[in-house]
Each structure stands twice: as C-alpha cells, then as structure tokens.
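Here is the structure we will look at.
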Amino acid sequence: MKVEKRMKIDDLGCWRRTHYSAEITPELDGKEVILLGWVRDIRDLGGIRFIILQDREGTVQITVPRDEADEQTLKKTGLLQRQYCIGVKGVVRAMAKAPRGVEVLPKKVKILAVAKQPLPIDVTGRTPADIDVRLDARVLDLRRDENQAIFRIRHKILEAVRTFLSKKGFLEVHTPKIIASATEGGAALFPIAYFEREAFLAQSPQLYKEQLTMDFEKVYEIGPTFRAEKSHTRRHLTEFISIDIEEAFATADDVMKVAEELMHHVCRVVKENCQKELKVLKHTVEVPSLPFKRITYDEIIEELRGGGFKIEWGEDIPTAAYRHLGKVHPYFYFITEWPTRLKPFYIKPKDDDPERSEGFDLMWHWIEIASGGTRVHDKKLLIRRLKEQGLHPESFKYHLQTFDYGMPPHAGWAIGLERLVMIHTGRKNIREVVFYPRDRFRLTP
RNA sequence: GCCCUGGUAGUAUAGUCCGGCCUAGUAUAGGCGGCUGUCACCCGCCUGACCCGGGUUCAAAUCCCGGCCAGGGCGCCA
C-alpha cells in the first residue's frame, strides 16, 4: 500500500484557457498558452517526460525535457498521474517528432484535482472493459474517444432535428411527465408517490401533443418517456428520449413525408459535419434517397411468407421476421396500413377498410425507429376504439373533453432518439448512446 | 416473465471439458528503480484474483445444488 502523498492542490486563480488542445498547431510556435484539462497518459523516459493532456477538443503533448525545464516544473510534472485535472501555462514549440508536429513546453503547471490510482477503467482504450464495468465508471468512460464521438454526433442529431422541425413551422412544446393515469394502455407505467396520491411517469406525450394541435397546429417535443417493461435487449431502456411531432390538418401521408425528409436531413448533417467522429467510430453514414419505400402490412406478410415466415393476417411481426426484413430492405422503409387491432386506440382506421389503419412504422433495417399515423379526431369513434381496446373512457375524461372544442384532423409520429443515434454511430447496444442509461436492472449511477 | 451463456488481481484474459502437475499463467493499470524524443516507449524488481453459501472427494478455480450478479436472446416495444 502506497503512503498517501501530501498533494498540494492548486487554485485555478486567474488562469483561464487561451486554447483548446486541438487549437495548438505548429503555427503558434513561440506563443504562450494556457491549457486546462486532464492527464490522459504519461511517458517518462528519464531525461524527458511526455504528458498527454486531454480536454473536450482532443489532446496535445506537453513535453518536459530535464535540461530545459525549471526545477519546480520538473517536480510538479513528476507528481502527475493519469486523469489528474491540471492547468499548464507554457510555450508552444513546433516539433516534427511530436504528435501533430507540435508540443507545449510548460513554464508552470497547476494540479487542480487528483485521481485515485489505479483507475477502474483505462481511458486510453487500450485495455478494454465490459460495458457493465464502464457504466459503473461512466464519467471516466465518457472521456474515451469513442464516447466523445458518440455524444457529439448525438448533439448534432438533436440540433439537426430542432433546426429542421423549427423551419417546418413546428413549435417546441413540453408536456407533463407526471401524469394521473395511463395514456395509451399497453405498456406498463412506473407508479410514483405523488403526495397523498398515486401518479405515474408518462410513457408518451401522445395525448397532450394531440391536444396542443388545437392551439398551435404543428408541435414537437423532445423529452423523456418511461416504460416499466421488463425488456432485456440491446435496444430497450426504461427511460429514453422520444422525438414526437403532431400536425393539424394532416394525414399519415403528410407526416411520413416529414419523417423521411427529417431522416434525410439528419443523415446529411451527420455525414457533412461529423467525419472526424465517424472515423473514430469506424462507421459511415449514407444519405438515403427520397422517397422511402412504402410497403403495406399485407405486402410485408406476403414477403415474409416467401422468406419462410408464416404470419397470419392481424398478427404482430416477430423479431426473427423483422431481422429477415432487414436483409431484404437494407435501409429506411415504411410499413403502412397496419391492422387496426395491432395499433393503439388513437390510430385512425381506414374509412373504406376499418380492419386496416392509417398507422405506419418507420423501419431501419430490422429496427423500428418511428411509429405514427393519422389520429382519430372524432370523439364518438375514439370512445368506441377505447372500448374495443379494453380501456375505460372514464379514465380519459379530460382528454376526451378536448374533443368537444373543435379538434382538428391531425397526424403525427414518434422517433426513438437513442435508436436514431445508434444508426448514426453504428453502436449495437442502446446503452452506449445514453449518458446514464436506465434499464430493467440498472438504476445507478 | 421465459430461455441460453458466463462470473479468476483495478481492467481484460489463460486455466474449468477430463479434479492433483496452480506455489493460479499473461497483458495492461498501480508501486519502486533505470533510461533525453516517446507517441500501446523500453528494461528490471514488486503488489494484486478463483462471486457467495452448501455438498461430493484423500484432494475443488475445476464436479453437483442453491443464491446473487452480468452478458445475450425471446416476448413487449421506440
């Protein structure tokens, strides 16, 4: 056991960053800079010491030659260990032998925080760790290059979605996540203690966003949703972010166009702006051509029959069959005209064929990434559909009452953000693309 | 909820089938020492582990039972 060294922690004082690591280029030769970040790696050769400093923009080499550095700096840099938070004031030197042809010679070093050794995971990524171990040490894990890339792409996607929807005239809204009763039936809700009453975490903004079409016509929400499903797969979470839109005076066809244009836009933005990140992830993004294929449920059943899957009309499609579809349709496609009985009560049955609905799913390979449709806006029909699905219209009193005030015909969809990020990062486990994932078994950190 | 697989140092693994040769091997991280151009630096020395409980046996990391935990799949879904 190592004797704890008395480590003096320095104050940030008046030090402010002048450059990010990535901004240190050979052209800055001779310039004094202040860098703030973390020690990623140390290579001490005896007469010369290399410290790799990492910040949010990348890394830069701090070089400490014994015969060039003053004693204080030599001593201080000798104390450094991986993941110490440090500040470096020094001079840039163009140096062909250094990474990126540039290094910083420190004049003064501040240790702002220390890190306990040995660390639970290797942030350089050389010694791999299992996802469970990584998630337990998530803050360290997120410093890894791969995660920096994933979450930058995630950010870019969100930015692209907001820009796109805003330009299309959608207003960003936020609906309550604490609700009094089930919104859709089906998926299980998490009950919570709400003072002296029981409440639930919202499984979807569905009913609220529909209501808001009465006032704002085109709305979208990007927010958390909660599902108390005991799912245990690489594509399910108990808490995830849903991108929802709802549009008045529109049908499934109209909002499918919005969805495919959005996918096209997002792919383009990621492809154009995230090459560095994609390279780290060894992944590529193809911009899809428009329009996406639209395949009816009936056609899908027929296709699956050809692939050896015998699915009765009106049955849901099992995962194995979806995997087969993913091979036949290797990119985005819609499955349309789902049997009404397979869709929630608010999905509109076709006028001329009520067994079939105006509900659709947006697929990517074998994974469902969005679900939507034309909604029922006729109160009587909505009540009938509620009953058909075994739900009690009384529990939807406040929702149903809004249909008395001129509910416009409307349509919408919901996209799972995490699945969208999986597509753009090539990650196979949804937990990889969430900062602090929550699943059936994980509630910490 | 069901099914399959697994649990060995901080991390990742070898060994487990076919019990004894394991005083548990390796890499990396960590400690100490050396090294002036590293970039997975290198070299030497050192620290550090068989998930928990029960059973079988002369003998258990290894076989059996239970538990806990993890990974994957199914169902459900986004």
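Order of the sequence lines fixes the chain letters, A, B, ..., with proteins taken first and strands second; residue numbering starts at 1 for each chain. Everything numeric in this text was worked out from a predicted model, so none of it was measured.
- E418(A) comes within 4.0 angstrom of no nucleic acid atom, judged by non-hydrogen atoms across all strands.
- Residue side chain R43(A) does not reach the base of C35(B) through any donor-acceptor N/O pair under 3.5 Å, judged by distance alone.
- The side-chain contact (heavy atoms from CB on, under 4.5 Å) with H329(A) is formed by just one residue from the set H365(A), E303(A), M363(A); it is E303(A).
- Looking at the side chain of R227(A), the nearest of the listed nucleotides C77(B), G73(B), U38(B) is C77(B).
- In this structure, U38(B) makes no Watson-Crick or G-U wobble pair, since no nucleotide meets both defining distances under 3.5 angstrom.
- Heavy atoms of D67(A) sit under 4.0 angstrom from at least one base atom.
- When heavy atoms are screened at a 4.0 angstrom cut-off, P128(A) is found touching the sugar-phosphate backbone but no base atom.
- Side-chain atoms of E358(A) and T251(A) form no donor-acceptor pair, as typed in the model, at a separation below 3.5 Å.
- Within a 6.0 Å radius of CZ in F216(A), other residues, nucleotides and ligands contribute 12 heavy atoms or fewer.
- Nucleic acid contact class of S231(A) (heavy atoms, under 4.0 Å, all strands): base.
- By the 5.5 Å and 30° criteria, F441(A) is not stacked with the base of A70(B).
- In this structure, D132(A) pairs ionically with R442(A), as a charged nitrogen and a carboxylate oxygen lie closer than 4.0 Å.
- Nucleic acid contact class of I121(A) (heavy atoms, under 4.0 Å, all strands): none.
- Spacing between atom NZ of K116(A) and atom C1' of G31(B) amounts to 16 Å, rounded to whole angstrom units.
- The side chain of F240(A) sits closest to A78(B) out of C74(B), U28(B), A78(B).
- Of the listed nucleotides (A40(B), U38(B), G30(B)), G30(B) has the atom at the smallest distance from the side chain of R82(A).
- You'll find a donor-acceptor pair under 3.5 Å spanning the side chain of H236(A) and the base of C76(B), going by distance alone.
- Counting any heavy atom pair closer than 4.0 Å across all strands shown, I367(A) reaches no nucleic acid atom.
- The residue T233(A) sits close to a base: some heavy atom pair falls under 4.0 Å.
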